[in-house]
Amino acid sequence: MSDIAYPVRANPVTTEPRLARYILIGTVVVLIAILLFAPLIAVFAEALREGWSAAISSLSEPDARSAIRLTLLVAAVVVPLNAVFGIAAAWAITKFDFRGKAFLITLIDLPFSVSPVVAGLALVLLFGSNSALGAWFIAHDMKIVFALPGILLATMFVTFPFVARELIPVMMEQGRAEEEAALTLGASGWRTFFTVTLPNIRWALLYGVLLCNARAMGEFGAVAVISGKIRGETTTMPIMIEMLYNEYLSVAAFSLAAALAMLALVTLLLKSLLEWRYADLLSATRRH
């Protein structure tokens, strides 16, 4: 029998009708315009309603400058700490087998399910003057609630899952083979981490740090509860925006909101540049 090659019919690619695609794309564009661009444009328009000089002058007020400094300080402290925690948590979960691993992952995800206001209230109850722990701190002249330490704790709580949740899937996919090979060849634990593990997770780590930084600067609920909203001392940018708006100082409120939006846009720009510049590497680590 002679071999006869029969043509194989490929399955047709399933595509939506052109009208359906246009409707879906148009719906997404309209929703983005309504939910994202329209409020953003309104914020900048309201901030510049009385001109650039009024906006800049409102940002130069002592309370506004104090809020900006405090927001940047909180982000500068919290983000590195959460990066270290995220690396340690991801390392423990992906490189070791132990009882309670699933429970630990659940605890890491806890801030995603707990309201920030509840978290702030819990910190007030834990470190307030009516608690034994809070009374001990006060007796030793260490103030937690209505002070910078409380703001740092609240911000750390709501932001600590971001880095860990970015690293855990990446490190799970990579496995342990490379680290075990390095250890077999005589590398120390720290050298293995810096020469093998860290280069493999650097893009996921940077991605998580950017997300953590954006949330740290914009956090309101937990910080509002534990800070006490002391003007010029414990007011971050989101809290100061609310206070100015409630006092009918709309230009000052929206100017500060525009500054906060600019910080968020810079973070988003860095994230987009990261995805564009290192698209292949991020794709290899399942980032999109």
Side-chain angles (χ1 to χ4, degrees), residues 71-114 116 119 152-219 263-288:
T71 300
L72 296 177
L73 174 62
V74 169
V77 174
V78 168
V79 173
L81 291 176
N82 277 333
V84 174
F85 167 80
I87 294 173
W91 180 281
I93 290 171
T94 59
K95 306 302 180 181
F96 301 98
D97 294 321
F98 54 91
R99 289 186 177 182
K101 181 187 291 190
F103 181 67
L104 178 58
I105 296 175
T106 302
L107 289 180
I108 292 175
D109 291 336
L110 185 64
F112 287 145
S113 57
V114 175
L152 294 175
L153 288 173
T155 308
M156 284 184 63
F157 176 82
V158 299
T159 58
F160 81 80
F162 287 94
V163 176
R165 292 308 299 174
E166 290 297 322
L167 294 179
I168 289 173
V170 174
M171 297 177 72
M172 279 186 174
E173 184 179 2
Q174 291 173 351
R176 313 173 187 174
E178 295 185 15
E179 284 86 356
E180 291 174 352
L183 293 172
T184 302
L185 293 174
S188 64
W190 284 112
R191 185 174 182 182
T192 300
F193 173 76
F194 284 110
T195 60
V196 178
T197 304
L198 190 58
N200 288 335
I201 64 172
R202 62 187 184 276
W203 305 121
L205 175 61
L206 183 56
Y207 196 93
V209 165
L210 290 174
L211 295 177
C212 180
N213 180 70
R215 179 62 189 274
M217 291 190 299
E219 174 56 31
L263 292 175
L265 290 174
V266 169
T267 302
L268 180 62
L269 178 61
L270 291 175
K271 171 180 170 292
S272 300
L273 289 175
L274 172 66
E275 293 177 336
W276 171 75
R277 177 64 178 82
Y278 301 102
D280 295 337
L281 292 173
L282 291 173
S283 177
T285 56
R286 291 186 176 180
R287 302 289 1 120
H288 49 79

Novice: Measure across Val170 and Ala204 and return the closest heavy-atom pair with its distance rounded to 0.1 Å.
Specialist: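 In terms of heavy atoms, the two residues are closest at CG2-CB, 3.8 Å.
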Novice: With sequence neighbours left out, write down each residue that passes side chain to side chain contact (heavy atoms under 4.5 Å, CB included) with Ala182, or none if nothing qualifies.
Specialist: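 Testing Ala182 for side chain to side chain contact (heavy atoms under 4.5 Å, CB included), a comparison that skips the adjacent residues, returns Ala187, Thr192, Val196.
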Novice: Measure the shortest side-chain to side-chain distance between Leu269 and Leu273 over non-hydrogen atoms and say whether it is less than 4.5 angstrom.
Specialist: yes
Novice: Determine the minimum heavy-atom distance between Pro116 and Arg215, stating which atoms define it.
Specialist: CG-NH2, 3.7 Å
Novice: Only pairs at least two apart or in different chains count here, so list each side chain to side chain donor-acceptor pair (under 3.5 Å) that has a residue in residues 72-81.
Specialist: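 Sorted pair list comes back empty.
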Novice: According to the side chain to side chain donor-acceptor pair (under 3.5 Å) rule, which pairs have a member within residues 181-191, sequence neighbours left out?
Specialist: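 Every pair satisfying side chain to side chain donor-acceptor pair (under 3.5 Å) with a residue in residues 181-191: there are none.
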Novice: Show me the side-chain donor-acceptor pairs of residues 77-92 shorter than 3.5 Å, one per line, residues at least two apart or across chains.
Specialist:
unit_1	atom_1	unit_2	atom_2	d
Asn82	ND2	Thr159	OG1	2.6

Novice: List in chain and number order the residues that pass side chain to side chain donor-acceptor pair (under 3.5 Å) with Glu178, two or more places apart in sequence or in another chain; answer none if no residue qualifies.
Specialist: Asn200
Novice: With a 4.5 Å cut-off on side-chain heavy atoms, are Tyr207 and Phe162 touching?
Specialist: no
Novice: What distance separates Gln174 CD from Lys95 NZ, expressed to the nearest 0.5 Å?
Specialist: 6.5 Å
Novice: Working to the nearest 0.5 angstrom, can you tell me the gap between Leu206 CG and Ile201 CD1?
Specialist: 11.5 Å
Novice: Using side chain to side chain contact (heavy atoms under 4.5 Å, CB included) as the criterion, list what pairs up with Thr267, not counting sequence neighbours.
Specialist: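 For Thr267, the residues satisfying side chain to side chain contact (heavy atoms under 4.5 Å, CB included) (neighbours in sequence not counted) are Leu210, Asn213, Ala214, Met217.
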Novice: For Thr197, which residues count as a side chain to side chain donor-acceptor pair (under 3.5 Å) partner, sequence neighbours excluded?
Specialist: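 Once residues adjacent in sequence are excluded, the partners of Thr197 under the side chain to side chain donor-acceptor pair (under 3.5 Å) criterion are Glu179.
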Novice: Pairs under 3.5 angstrom only: tabulate donor-acceptor contacts from the side chains of residues 97-111 to other protein residues two or more places apart or in another chain.
Specialist:
unit_1	atom_1	unit_2	atom_2	d
Asp97	OD1	Lys101	NZ	3.2
Asp97	OD1	Arg176	NH2	3.1
Asp97	OD2	Arg176	NH2	3.2
Lys101	NZ	Ile93	O	3.0
Lys101	NZ	Phe96	O	2.8
Thr106	OG1	Ala102	O	3.0
Asp109	OD1	Arg165	NE	3.4

